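Worth saying up front: this structure is predicted, and the values here are computed from it rather than measured. In this chain, numbering begins with 1 at the start of the sequence shown.
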Amino acid sequence: MSIIVPKIEVVDRTTRSIRYLEHGWPTELCRWHAHEEYELHLIVATRGKAFIGDYIGEFEPGFLYLTGPNLPHNWITDDVSDNSVALRDMLVQFSHESVEKLATGFPEFAQVRDMLMSAKSGILFEGFNATFARGHMESIRDNEGPERILAFIRFLVRLNEHAEKRSLSVAKLFQPEGGSKHARIGMVVDYITENYKEDITLGKAAEIANMTDVTFSRNFQSVTGHRFVEFVTRIRIGKACALLYASDDPVVEISQQAGFRNIANFNRHFLKMKGMNPTAYREAARKDLFPDPDAEMTT
C-alpha cells in the first residue's frame with residue numbers, strides 16, 4: 001500500500017526564478033498536490049486543517065510553512081459558512097537549483113541551505129510575526145527583477161534566524177548529505193527504513209555505522225536531530241500513517257505491520273506525535289482530503 005497519490009503540479013519558471021501566487025477560498029488551486037519546487041506558504045485568513053506529507057494539524061491566520069520538493073500538501077478551510085474569502089493564501093515557489101547556485105557563489109548562504117534541507121519534511125515557523133511575514137510576501141509580490149530576488153533572500157534569512165522551526169512530516173524526515181559521518185548515519189537510516197518491522201537495537205545500528213555505541217548515539221542525534229529510539233518510532237509511525245491513508249485494514253493490524261508489538265504502545269506513541277488517535281487521523285485524512293467517497297486510492 002502507499003499514501004494517497006497527490007496530483008503532480010508542474011511550475012513554469014522559464015521567465016522567473018521564483019513564482020509568487022495568492023488566492024482565496026474556495027479555489028481549484030487548493031488540492032492534494034506536489035511539485036519539485038520549495039514553497040513558502042502564509043495563511044492570511046480562515047482556520048482549518050493543514051495536510052503536509054503524513055502530518056495533519058490545525059492552521060489559523062498567520063501560520064507560515066515551508067514545504068520541500070515533491071512533498072504533498074494542502075490546506076483545507078473548515079466549512080463554517082458559505083462565504084468565500086478573497087485572499088487566504090500568499091505563497092512563493094522556488095527551486096533547489098536556484099538556492100544551491102546562490103550558496104555556491106556566496107558561502108555565507110550555506111546556513112539557509114541547511115534550513116532548506118530540513119524543509120524536505122516540511123517546517124512550521126511557530127510564533128513568526130504574522131505582520132512581518134505578510135510584509136515580506138508583499139515586498140516579493142510588489143517588486144520585479146533583482147529587487148524581487150533581494151526581497152525573497154531577505155525573507156529566507158529572517159526565517160533561518162527564527163528559532164522555533166517545527167518539523168512536520170515523518171515521510172521525508174532525513175536525507176543524508178555528503179561527508180563520511182553523514183554517509184554512515186545515512187546507511188543506518190536506510191536500514192531502519194527498510195527493516196522498521198524488525199527489532200532494531202542501538203548496538204546493531206552502531207555496528208552498521210562502524211562506530212561504538214556511545215559515538216554512534218552522539219553522532220546520530222547531531223546528524224538527524226533525533227535520538228535513535230525516537231527516530232525508529234517516528235519512522236514506524238510514518239509507515240502507519242501511509243497505511244491509515246490508503247488501506248481499510250484494522251488499526252491493530254496496521255500497528256503490527258508498522259513494527260509495533262503492542263497496540264497500547266502504538267496508540268500512545270501515535271497520539272503523542274500526531275495529536276490524535278489513529279482512527280481520528282484516518283477519518284480526518286479521508287474526510288478532508290477526499291470528501292468524495294469514490295475518490296481513488298492506490299495500492
Value for CZ (Phe59) from OG1 (Thr77), rounded to nearest 0.5 Å, stands at 4.0 Å
Contacts of Phe270 that satisfy ring pair (Phe, Tyr, Trp, His ring centres under 6.0 Å) - sequence neighbours left out: Phe266, Tyr281
Per the side-chain hydrogen bond (donor to acceptor under 3.5 Å, both in side chains) rule, what does the pair list look like for residues 100-109, sequence neighbours excluded? His96-Glu100, Glu97-Lys101, Glu100-Arg113
Counting C-beta onward and ignoring hydrogens, is there a side-chain heavy-atom pair between Trp25 and Asp89 closer than 4.5 Å? no
Apply side-chain contact (heavy atoms from CB on, under 4.5 Å) to the pair Ser98 and Leu102, showing each step before the final yes or no. CA-CA 6 Å; Ser98 297; Leu102 186 61; over 6 Å; no
Taking everything shown except Arg268 itself, do over 12 heavy atoms lie less than 6.0 Å from its CZ? yes
When you compare the side chain of Phe260 with that of Ile254, does any pair of heavy atoms fall below 4.5 Å? no
Donor-acceptor under 3.5 Å (His73 side chain, Leu71 main chain): yes
Please report the shortest heavy-atom distance between Ser139 and Ala151, naming the atom on each side. OG-CB, 3.4 Å
Could you check, using the six-membered ring where one of them is a Trp, whether Phe228 and Phe216 have ring centers closer than 6.0 angstrom? yes
Got Leu66 and Leu116 here, is their nearest side-chain heavy-atom distance under 4.5 Å? yes
Lys274 vs Ile56 side-chain heavy atoms within contact, under 4.5 Å: no
Evaluate the side-chain contact (heavy atoms from CB on, under 4.5 Å) criterion for residues Leu202 and Ser217: first the C-alpha distance (whole Å), next the side-chain angles of each, then the deciding distance (0.1 Å), finally the verdict. CA-CA 8 Å; Leu202 187 144; Ser217 183; 4.2 Å; yes
Quick one: closest heavy-atom pair of Ser169 and Ile52, and the distance? CB-O, 3.5 Å
Could you tell me whether the side chain of Arg47 and the main chain of Glu58 form a donor-acceptor pair under 3.5 Å? no
Write down the atom of Gly53, the atom of Trp32, and the distance for their closest heavy-atom approach. O-CH2, 3.4 Å
Give me the atom names and distance for the closest heavy-atom approach of Asn277 to Leu271. N-CD1, 4.0 Å
Going through the distances and angles, do Met273 and Thr233 end up as a side-chain contact (heavy atoms from CB on, under 4.5 Å)? CA-CA 10 Å; Met273 291 187 184; Thr233 300; 3.5 Å; yes
Crowded around Glu230 CD? As in, over 12 foreign heavy atoms under 6.0 Å? yes
What pairs meet the salt bridge (Lys or Arg N to Asp or Glu O under 4.0 Å) rule with one or both residues in residues 193-218, with sequence neighbours excluded? none
Keeping the roles fixed (side chain from Ser255, backbone from Val252), state whether a donor-acceptor pair exists under 3.5 Å. yes
Donor-acceptor contact below 3.5 Å, side chain His33 vs main chain Arg31: yes
Asp54 versus Gly238, closest heavy-atom pair with distance: OD2-CA, 3.8 Å
Are the side chain of Thr27 and the backbone of Cys30 linked by a donor-acceptor contact shorter than 3.5 Å? no
Scan for salt bridge (Lys or Arg N to Asp or Glu O under 4.0 Å) pairs involving residues 145-163, sequence neighbours excluded, and state none if there are none. Arg158-Glu161
Interatomic distance, Phe94 atom CZ to Ile153 atom CD1 [nearest 0.5 angstrom]: 11.0 Å
Please list all pairs meeting salt bridge (Lys or Arg N to Asp or Glu O under 4.0 Å) that have one or both residues in residues 124-139, counting only residues at least two apart or in different chains. Glu126-Arg166, Arg134-Glu138
Backbone of Gln93 reached by a side-chain donor or acceptor of Arg19 within 3.5 Å: no
Rounded to the nearest 0.5 Å, the CG atom of Leu64 sits from the NE2 atom of His162 at a distance of 8.5 Å
Side chain of Arg261, backbone of Gly259: donor and acceptor closer than 3.5 Å? yes
Just wondering, do Tyr20 and Met137 contact through their side chains at under 4.5 Å, heavy atoms? yes
Reported CZ-to-CD distance for the pair Arg141 and Glu22, which is rounded to 0.5 angstrom: 5.0 Å
Which distance, rounded to the nearest 0.5 Å, do you find between the CG of Asn70 and the OH of Tyr38? 10.5 Å
Verify whether the ring centers belonging to Tyr65 and Trp75 lie closer than 6.0 Å. yes
Can you see which heavy atom on Leu159 is nearest to which on Lys165, and at what distance? O-CE, 3.2 Å
Start with the C-alpha gap between His41 and Thr67, add the side-chain angles, then the distance that decides, and say whether side-chain contact (heavy atoms from CB on, under 4.5 Å) holds. CA-CA 8 Å; His41 197 113; Thr67 60; over 6 Å; no
Starting at CG of Asn195, measure out to CG of Asp190 and round the result to the nearest 0.5 Å. 10.5 Å
Can you list everything that forms a ring pair (Phe, Tyr, Trp, His ring centres under 6.0 Å) with Tyr55? Sequence neighbours excluded, please. none
Parallel, tilted or perpendicular for Phe128 and Phe132, by the 30°/60° rule? parallel
Could you check Leu156, Ile123, Ile140 and say which one makes a side chain to side chain contact (heavy atoms under 4.5 Å, CB included) with Leu40? Leu156
